[in-house]
> 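Right, I'll just put the structure down here and ask away after.
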Number of protein chains: 2
Amino acid sequence: QIVAQLHLALAPKMLAGKQILITAGPTWESLDPARGLSNRASGKQGFALAQACAEAGAQVQLISGPSQEATPPGVLRVNVTSAQEMLEATLRALATPTDLFIANAAVADHRPALQSTQKLPKTALSESLTLIVNPDIVSTVNQHALRPRVIVAFAAETRDHLASARNKAAQKGADIIVVNDISHNETGMGAESNACSIIEGSDLTEIPTCSKIDLARHLIRHIAENHFALKVTEHHGTVTNSHS
Amino acid sequence: QIVAQLHLALAPKMLAGKQILITAGPTWESLDPARGLSNRASGKQGFALAQACAEAGAQVQLISGPSQEATPPGVLRVNVTSAQEMLEATLRALATPTDLFIANAAVADHRPALQSTQKLPKTALSESLTLIVNPDIVSTVNQHALRPRVIVAFAAETRDHLASARNKAAQKGADIIVVNDISHNETGMGAESNACSIIEGSDLTEIPTCSKIDLARHLIRHIAENHFALKVTEHHGTVTNSHS
């Protein structure tokens, strides 16, 4: 925590004054008070992204599904459970003009059609569970009147991952799509480390396996330099466009 | 952790030499590498029970589904994911003669019929999820050649909880059933505190709301006094039967 506070104080303020909204963690789609559908996301990567954005000087709101992770210093956290609640919290947050939206949460694609306030007897679930498709948060944000300037979507994939991720980005209207290959144990959901491919149109940037906080800092620096650059960094030397 | 070590050293050794097997946490029933069915159990109560048993001098094996809880000192922990894996680990543990089996885990009643090693496209899950009934661990242990001397089952209920729990105990062959009412936020799944009703045949003992470790210590003391008493405790005064 002291180390986190030092990073917060000492990191370059590349995103000073920017308003950033991040979703993180899994969603929990309740079937009854005990049971539900979910996924294996821990929230670690999304919380690390919130930390990296706060370190870079941004105002950060983190909308998190159920997660055991500690809220990083300087981050405003809102807890939600289901995909529907996450969408509602996201739409409320968009009332504040937002520079960057990072959709890192692993939002359940479906929810049970039946949601009981009483625990269901085993026999009530005997053969199948009827599902309803959840709203797509990235698509909804993309069509919003106050669309954030830059939308970053995450895709967790196990096969043909770049091709299917490019399709997802195009469909949903994300400017950047960050692809995790979750078929390896050392990266992705629940792991301590991660690796990703950053797709921006036809450009591809790879971040090799590293800790989730290092990946977050690399990714946020990449986004800041390519989409929010206010000045040319000296040791870097390339001129990046300012969209501000 | 230092406090836990002190409790371990200083608590009365009411279960010295006893072999205890405990299941804890939720199970995760995988649909693909990201998605699955689960429940809201945190593992906190089961881990507290393992701690209380170790404090009481027992040899404790803890079979845990996915949980963020730290393993209590002096406890042998085995990690599993699904109900099927939990059953297999339980049967392996029963090869060592077991005095007490505490089935605290919130085992999923069903698993998806389809379990894919690749992440399924959203459309593959469009309307319903076909379910298969999981094996019942308590019933299986009850019918085992090396049945533990005492079987304690947990029931999480929201309605008519004592009546339905008594039926469950009878069906499954548990000697003791411990009932949590999970309809209140301050007790049961994921909460820091808990309360329970202990049913042993026609006897009913209530433990009012307290921390999960206090509930564990009360419950283990109750079980030790009523089922494993080697001596009469002085301040207690009642003569309890020894089944040893």
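Hydrogens, waters and symmetry mates play no part in the numbers below; they use all other heavy atoms, side chains included. All values derive from a computational prediction rather than experimental measurement.
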> Minimum heavy-atom separation for A:P66 and B:R40, please, with both atom names.
CG-NH2, 4.4 Å
> So, taking the atom named NZ in B:K119 and the one named CG in A:N39, what distance separates them when rounded to the nearest 0.5 Å?
8.0 Å
> Between A:T27 and chain B, which part of the residue has a heavy atom less than 4.5 Å away: side chain, backbone, both or neither?
neither
> Nearest 0.5 Å, please: how far is CD in A:E29 from CZ in B:R35?
11.5 Å
> Which region of B:T81, side chain (C-beta onward) or backbone (N, CA, C, O), has a non-hydrogen atom less than 4.5 Å from a non-hydrogen atom of chain A, or is it both or neither?
side chain
> If you apply the rule side-chain contact (heavy atoms from CB on, under 4.5 Å), what do you find for A:H110 with B:L129, and how did you get there?
CA-CA 10 Å; A:H110 300 84; B:L129 190 54; over 6 Å; no
> So which part of A:A106 gets closer than 4.5 Å to some heavy atom of chain B, the side chain, the backbone, both or neither?
neither
